[in-house]
Structure formats: C-alpha cells, structure tokens
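Everything on this sheet refers to the single structure shown next.
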Amino acid sequence: MEFVLWACRLMHVFSVVVWFGGLIFVNAVMLPVSQYEGRSRSEASVAILHRFNSFVWSSLWTALFTGLLLMLLSPRFLWFDYSTLWQKLLAVKQTAFLLAGFFSWQIAKVVSHMERTQNEPDAYESWRLTYVKLIRRSLFCGILGFLCAAGMAVV
C-alpha cells in the first residue's frame with residue numbers, strides 16, 4: 001500500500017509540473033518571443049500550441065486519477081464533510097482543478113480557432129489574446145491549488 005501512495009504522489013506531482021510548467025513556458029517565453037519576432041501567426045507557433053494541448057490533456061487526466069486515489073486513500077477524507085481546515089483546503093483545491101480543467105478545454109477550442117484563422121490577422125489576434133487570458137486564468141488556478149496543497153501538507 002505504501003508503494004501505491006508513493007507512486008500516486010510522484011505521478012500527481014509530475015503531471016502537475018508538466019501541465020503548469022508548460023503553461024508558464026508558453027505564457028512567459030514562447031508567446032512573447034514569437035510575437036516580438038513577428039512569428040505569432042506562423043505555422044510552427046500554432047503547431048506547437050496544438051501539440052502542447054496533448055501534453056495538457058495527458059497531464060490533466062493523470063492528475064485527476066492520481067488525485068482521486070490519493071484523496072480516497074487518505075484517512076482524513078470524509079465525503080461532504082468540510083469541518084476541518086484540511087477538508088476545506090481540499091475542497092478549494094478540487095474547485096481550482098475543475099476550473100483549470102475547464103479553462104484547458106476552452107484553450108483547446110481557441111487553438112482550433114487559431115489554426116483556422118491564421119490568414120486573417122484581426123481574427124487571429126483576437127483568438128491569441130483570448131488564449132493568453134485563458135492561460136493566465138489556468139495559472140491562477142494552478143497557483144491556488146498549489147497553495148492549498150502546501151497548506152494541506154502542513155495541517
């Protein structure tokens with residue numbers, strides 16, 4: 001049983017690092033550099049965003065399943081009981097995860113619109129700005145979830 005918990009924790013942390021680390025890279029490095037270089041509408045930039053979505057979804061599903069296992073195997077977890085600080089932090093973390101997942105679903109839709117409008121500068125720019133907003137919302141949810149996880153480890 002100890003090995004299952006260890007493996008779940010490791011996979012959970014790894015998937016979250018890939019997910020949100022990738023979002024940070026795209027937001028802080030890739031998008032600003034491609035815009036500065038005037039290549040934000042290039043086929044390569046859009047292909048990278050499309051390819052990154054595969055990593056996002058694989059990380060999201062891995063985080064979901066390992067998180068459920070960790071939650072269900074925890075002796076502190078009780079269904080629909082929010083009487084302790086640990087359980088309240090878990091509820092906030094779950095909400096942040098659901099919101100980040102919803103934003104990731106929206107990001108996938110926006111990338112498909114970006115692919116279709118590469119030859120229309122105004123439409124593409126509008127979708128690109130929407131993409132940036134959704135990434136920043138996802139990152140906010142990720143930071144909130146990380147802070148809740150840190151609080152759960154301390155409590």
Side-chain angles (χ1 to χ4, degrees), residues 1-35 40 43-116 126-155:
M1 184 61 103
E2 189 68 27
F3 176 75
V4 172
L5 285 173
W6 178 82
C8 279
R9 281 189 192 109
L10 184 66
M11 288 180 63
H12 192 72
V13 168
F14 183 72
S15 65
V16 171
V17 165
V18 168
W19 184 7
F20 289 104
L23 288 176
I24 290 169
F25 173 79
V26 167
N27 185 53
V29 178
M30 195 201 117
L31 291 177
V33 168
S34 64
Q35 187 176 9
S40 63
E43 288 184 28
S45 294
V46 177
I48 290 171
L49 297 179
H50 182 76
R51 177 78 172 147
F52 177 64
N53 280 336
S54 302
F55 285 95
V56 167
W57 286 109
S58 63
S59 296
L60 186 139
W61 286 110
T62 304
L64 175 67
F65 289 124
T66 57
L68 285 172
L69 276 172
L70 288 170
M71 179 182 73
L72 294 173
L73 294 175
S74 173
R76 294 180 177 184
F77 175 70
L78 298 171
W79 290 100
F80 304 110
D81 181 17
Y82 304 107
S83 57
T84 66
L85 178 60
W86 187 89
Q87 293 162 334
K88 291 174 185 173
L89 289 171
L90 177 63
V92 173
K93 182 181 171 189
Q94 291 170 339
T95 303
F97 175 82
L98 291 174
L99 284 172
F102 175 71
F103 294 142
S104 294
W105 174 72
Q106 287 182 322
I107 285 171
K109 297 287 185 188
V110 167
V111 168
S112 68
H113 286 291
M114 289 169 72
E115 287 175 328
R116 279 188 248 129
S126 173
W127 287 116
R128 191 190 66 78
L129 291 174
T130 303
Y131 184 85
V132 170
K133 288 178 189 176
L134 290 170
I135 281 184
R136 290 181 181 164
R137 289 175 186 168
S138 293
L139 287 173
F140 173 78
C141 291
I143 291 168
L144 181 62
F146 175 76
L147 291 175
C148 289
M152 290 168 65
V154 172
V155 172

Discussion item. Any heavy-atom pair between the side chains of Thr130 and Met114 that's under 4.5 Å?
Written reply: no

Worksheet item: Any idea which heavy atoms bring Ala63 and Phe97 closest together, and the distance?
Response: CB-CE1, 4.1 Å

Discussion item. Donor-acceptor check, side chain of Ser74 to backbone of Met71, threshold 3.5 angstrom: yes or no?
Written reply: no

Item to complete: First locate atom CH2 of Trp105, then atom CG of Leu134, and finally report the distance between them rounded to the nearest 0.5 Å.
Response: 11.0 Å

Worksheet item: CG/Leu90 to CH2/Trp86 distance, rounded to the nearest 0.5 angstrom?
Response: 5.0 Å

Worksheet item: Can you name the nearest heavy-atom pair linking Ser59 to Ser15, along with the distance?
Response: CB-O, 3.3 Å

Fill in: Leu89 versus Gly151, closest heavy-atom pair with distance
CD1-C, 3.5 Å

Discussion item. Using 30° and 60° as the class boundaries, would you call the ring planes of His113 and Trp127 parallel, tilted or perpendicular?
Written reply: parallel

Worksheet item: Say you draw a straight line from CD1 of Ile48 to CG of Leu31; how long is it, rounded to the nearest 0.5 Å?
Response: 10.0 Å

Item to complete: Can you measure from OG (Ser104) to CG (Leu60) and round to the nearest 0.5 angstrom?
Response: 5.5 Å

Practice prompt. Verify, without hydrogens or angle tests, whether Gln87 (side chain) and Ser83 (backbone) share a donor-acceptor contact under 3.5 angstrom.
Written response: yes

Worksheet item: For the atom pair CZ (Arg76) and CG (Leu85), what is the distance rounded to the nearest 0.5 Å?
Response: 9.5 Å

Worksheet entry | CE (Met11) with more than 12 external heavy atoms under 6.0 Å | no

Worksheet, complete the sentence: Smallest heavy-atom separation, His12 atom then Gly67 atom, equals ND1-N, 3.4 Å

Item to complete: First locate atom CZ of Phe52, then atom CD1 of Ile135, and finally report the distance between them rounded to the nearest 0.5 Å.
Response: 7.0 Å

Fill in: Any Val4 side-chain heavy atom under 4.5 Å of Leu73 side chain
yes

Worksheet, complete the sentence: Correct closest heavy-atom pair for Ala100 and Phe20 would be CB-CZ, 4.0 Å

Item to complete: Answer yes or no: is there a side-chain heavy-atom contact under 4.5 Å between Leu64 and Trp61?
Response: yes

